[in-house]
Structures are given as C-alpha cells and as structure tokens.
Amino acid sequence: MSEIESITIAADPDSDYRLYVKKKLGKLVPVLAHAAVGDYLVDVPLEDVDDDLGEVFAGVQFMLEAIREQMRRIEELESVTAAAL
Amino acid sequence: MAKKKILFVEDYAALQEAFKIALGAEGYDVTTAGTCHEAVESAKADQPDLVVLDMLLPDEGGMEFLRKYPLKDHPGTIVVVFSNLSSPELFTEAQQLGASRYLVKSNYTPKQLAEVIADIFKS
Amino acid sequence: MKHIPKKKEQDVGSYKDYVKQRVDTLVPILARSAVGDYSMDVPMDVSHDDFSELYAGVQFMIEAIRDQLAEIDQRNDELRAKIDELEHLRADDETLLNSIGEAVVAVDDKGKVRYANQEMIDFVGIEYAEMVGKELGSYILEDQYGEKVKPSRRPISIALKRGVRVSISNEYYYTVGDERIPVWVTANPIKVNDKVVGAISVWRNIAREKELDRMKSDLIFLASHQLKTPASAVKSSLSLLIDGYLGDMPTKQMNDLRTAYAENNFELKLIDDILNVASLESKRVLVEPERFDFSVVIRDIVSEEKAAAADRKQKLKLTAPAKLAVTGDPTKLREVFENLITNAIKYRPEGGRIGISVKSFGADFVVTVVDDGIGIPEKEISSIFARFFRASNATQINMPGTGLGLYLAKSIVEMHGGGIEVESEMGKGTTFTVTLPKKYKEMKHNG
C-alpha cells in the first residue's frame, strides 16, 4: 500500500481523491477494530455527503445496529430462561 | 284446708300409676294426663295448683303444653318439669315459658318428689 | 528506487473506477444483510489495499451476526424445552392437585391467591381468573355464631405469620348462594430454606360429617330417654313399696326390695355415665360456655348431697366466697364436683368429715375436696382417672361405682383448660384439687 501511496503523491491527479478515500476509510478503522474485539457500540461516522463510500458506511452501520439488536434479544432470552428456572 | 290439685303429665303408664298413688297418699288431689292434648284440656277444666310435666309426650312436646296453657294467664299455677331429657337448652326454654323447676326424673322417687312439692307449696 | 509495475500506473489513473469496483463488490452483501440475509460471504480479498480492512471488518461482522443468530436459535430452543417441561410438570401437578379430592388454594407471602385447584374453584363458585391475585381473606368465613371471622384469625393468616400448621376444630361456615356450608379449614406454611414464602389451605365440606354428628347426638339424646324410662318406672314402683305407700312390708321382703332398688339406681347412673362419655367423645365443640356464679353451683351441690351424707353420719363443710363469677359450662362443671363429693361420701363407711373449699387465685380458681375416707392405694393413684378403672380397695368394700366418674371429671376439667390432681393415703383420706381458669378459653388443636 505504501508503495502506491508514494507514487500517487508524486504524480497523480487523483491524489486528492485517493487521500479522501483513504481518510474516509480510516474513519472506519476504529469501528471495525472495536467490532473485532466484540465491542459494537462505536457508531460509524456518517456524513451527509453523497460519495461512493456513503452506501458502504451506511451498510456497515446498519449491520452494527443489527448486531446490537440481536445482543439485546439474547440478553432477554437469557433472563427469561433464568426466570423460568 | 282444701286439697292442692296436682296435674301429673306422663305418658308412661307405670310411672303415672306409681306417682299417682304416692302423691295421693301425701294428700294431694291428683289428676293424670298421658298426652299434651289431654293435659291442656284437663288443666283448663281443673285449674290445678301444680303441674308435673314430662317433656316427651306422644302427640306433642311438653313445651307445647306451656304454650297452650300460658302460665301468665294462670298465675296461680306452678309448673315443675319432670323429665329424663337433661339439656340446658330445654331447661332455659321451659324457664322462659314459666316453669319454676326442672327435675331429672330418674333422680327422684315418688317420695322425694312429694318432698320437693311440699317445699314448693310452703314457700 | 523500486521498480513499479505498469499495471499499478494504470490503476492510479482510474482510481475512481477502482473504488467503485471495490465498493460494488461489497454492496450486494450489505444489501442482503439489510433484509436479514447474512448468508453471503465477502469475497476473498486479494488486493491488499485500503479496502482490505473494510472487507475483513464486514466479513467479521457477518460472521458475528451469524453466530448470534445461532445462539438466539439455541436459546429459543432451550427456552421452549424448558417451557414444555414446566408445562408438563404443571399439568402433572395440576392433575395431582385436582385429583386430591379436596379444595386446595395456595397463596403467596402476602396472602394473595397464586393457585387454586378445580375443587376449590367449584367449591367457592368463583372463576379462577377472578381468584388469582386477590387475597383469600376476601372469601368470607363465618363462625358458628354467624360472625365474620377476622382476617388475622384465619388459618391462612396464622400459617403465614407464624409459620405453623393450623387446623381449626371450630366450625366455620362459607355461604354459597343460599347455602351455608360448614367447612373444616387447615392451613400449612410453604417454607423455602426456613423462610415462609406462602401458604396452602385446604377446605373441606363437612356437612355430611356434621349431619352424622347430629344424628349421633340425636341418638344419644333419645337413647338417654328410652333407656332411663323403664329404669325410672322400676325405681318408682320399688320405692312405692319401700316407702310404705302400698302398705307394710315384712322385713325379709323389704331387704330384697332395697337391694333391687339400689341395683336399679346403679343402672340408672351407669346409663348416665356411658351416655355422657359417648356424647363427650362425639362432639367437636365440647363445651357450651356461659357466665355464671360458681359459688351458687357449689352450694347447690353441697345442699343436694347433705341428705346422703347425713344418712352416713358424715359432715359436709363448704368454704366458698360469696360470689365467684366464672365463664364455663355450668352443667358439665356440676358433674365434676357432684362426682368428687359423691365419691368422698361413698368411700367412707360411716362418720368422718368432708371439706370442700373454693378459693380464688388471680385468673384461676381452685376447688379442693378433702375427705378422711379409705384413700387410694399408692400404686393406683396414677390410674385413678382412667376409664372404667376402680381402685382395688373400692371393689373390696363392695362399693358400687361405674369407673367413669373420675374419667368424666378429668375430661371436663381439661376441656375447660384446667387440671385435676389427687393426693391420697390409704386409710387416711384423699384430697382432690381442681384448678380452673375463671374465663373459659377455647382450646385450639394444632395438627
């Protein structure tokens, strides 16, 4: 990655865009890193910008919320089962 | 002095006989009755001074006699209940209807009853 | 400088297209997940670019969600199985409770109904849904006087409060429509680790038993009359002869008559005693308490017995307070002291003194009957109150007795919440001491 990086900075008209994408993807990193250790409570930073990554970000946030919802359901089931005992 | 009149109400003939003889010998004018009905009729006709009253009679209970010959209408009459039924409830009811004494039959010989009656008439 | 492959230079130029390409690969997966379909995997990432972490992250989350779904399924299954099991147990329990044949109701620690079996529902005539959660106390129980039983005195309240089993031998009544049904109520606390968490109450309709009891009482009542009537007739006929109403009687015949008379009297007493014992044992409410003056009763008894005592040249002396207000059953208490005094008179050939004293001691009163008669053999003192027991020296002197008198006396005294004691020395005399509470208190049985 770093190889390409150094080239683009030197000669690429798309370099701004690359940086933009890279920065944006970078914002996902903490979210994914937390998710990787089981912490799904960090939200995806959603911006009101219509770019190519918008859909992806929204999709990831949606999945996060799905996970949170399921966690809640599991907790509920746990407590109901415990009570039933 | 006129003889005191006693009405002896008892359905059991042998007892009736025995007490009639004894009380007669003691100087009382004894009339007997074997049923409640007879007793009421006899009482109304004779106005006895004392009634010896059994509780279990063939037609109605002795209690009925007290209701049909109310003692408040005949203040001169003394009623002595003489029965083998010994229940406090019966005694209380009889008392409320005007009976003065409640004696358990099997505890008294004719002579002893005569003594009680003599005591009653003295007081 | 490193050699850069030409390929990468081309990629740089269409970076926007590249981004679009990378994003488009993910979109289907995200789209599916948006509708709950997590079955599609993120395609293997061979590019090793800025998107790699994203790809890895999305795949990871998909797998996490799949795991969660699996866990939810499993827990759901577990829960369902548990519910089934509990349902079964409950159905079993319910079948059991409905098969008991008794009306059963269970309440929680606050006295609110948690469960009632079918019999209970049928008994009280209230829908189950209406019963649950309400206090049992709202079902009105009346006592035999028609008074409402106070909630705190109900068996279930006592069981909850004191953690003890309660069985009421009093009569309670429950009214359903027009019918006033006698119920026998018991309550048991439910304990978990020694802590009371609820209680169970069983109600039994005892109308039939009461009917039987009443029939028995009626029978006894009637038998009392029927058995005694002929004996009374014998008594009166014989006494006519003995008392001379039918003329003089030669001595020889007179002796036989007297014997016949005495035997007949004994029979009358025996009938009385047996019927008393039978009626004591059949009734549930054994004592009919009322307020009365005990001094009047004891004076009455003593004056009754004076004649018999005089016959035997015995002196009866009574020491009692002028008035003694007491609550108890006067008829039954009379029995007790008549028995004791008659015994004192009987069990002494001739002469002697009998002392009766009545003393008040705070909430109790004590009656002693002292005689200087034949006494009771030491070994037999403890059996003296047993049914049909007669001391050996009593039978020796040929003194008739039914053997029931003291048994009855003891039963009656104990029913009043009192006690009876005896001290005796052969040839010297006997002392009976009866202690009774001035206020009769109903004795409740437990269990």
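Just so you know, these numbers come straight off a predicted model, no measurement behind them. Residue numbers start from 1 in every chain, and the chains themselves are labelled A, B, ... in the order their sequence lines are given, proteins ahead of strands.
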Enquirer: Run the salt-bridge test on C/Lys228 and C/Asp272 with the 4.0 Å N-O cut-off and return the result as yes or no.
Expert: yes
Enquirer: In terms of heavy-atom proximity below 4.5 Å to chain B, should C/Ala233 be classed as side chain, backbone, both, or neither?
Expert: both
Enquirer: Which bit of C/Ser239 is near chain B, if near means a heavy-atom gap under 4.5 Å: side chain, backbone, both or neither?
Expert: side chain
Enquirer: Under 4.0 Å between a Lys/Arg side-chain N and an Asp/Glu carboxylate O for C/Glu142 and C/Arg180?
Expert: yes
Enquirer: Verify the distance criterion only: is there a donor paired with an acceptor across the side chains of C/Glu305 and C/Thr342 at less than 3.5 Å?
Expert: yes
Enquirer: Only pairs of heavy atoms separated by less than 4.5 Å count here; which of B/Ala22, B/Ala25, B/Ala14 has the most with chain C?
Expert: B/Ala22
Enquirer: So which of B/Tyr12, B/Tyr102, B/Phe19 actually passes ring pair (Phe, Tyr, Trp, His ring centres under 6.0 Å) with B/Phe82?
Expert: B/Phe19
Enquirer: Check whether C/Leu246 gets within reach of chain B through its side chain, its backbone, both or neither, counting any heavy atom under 4.5 Å.
Expert: side chain
Enquirer: Look at the aromatic rings of C/Phe337 and C/Phe294 and report parallel, tilted or perpendicular, splitting at 30° and 60°.
Expert: perpendicular
Enquirer: Return the option, out of B/Ala13, B/Ser106, B/Gly24, with the maximum number of heavy-atom pairs under 4.5 Å with chain C.
Expert: B/Ser106
Enquirer: Flag the one option from C/Ser237, C/Gly244, C/Ala231, C/Ser232 with the top tally of heavy-atom pairs under 4.5 Å to chain B.
Expert: C/Ser232
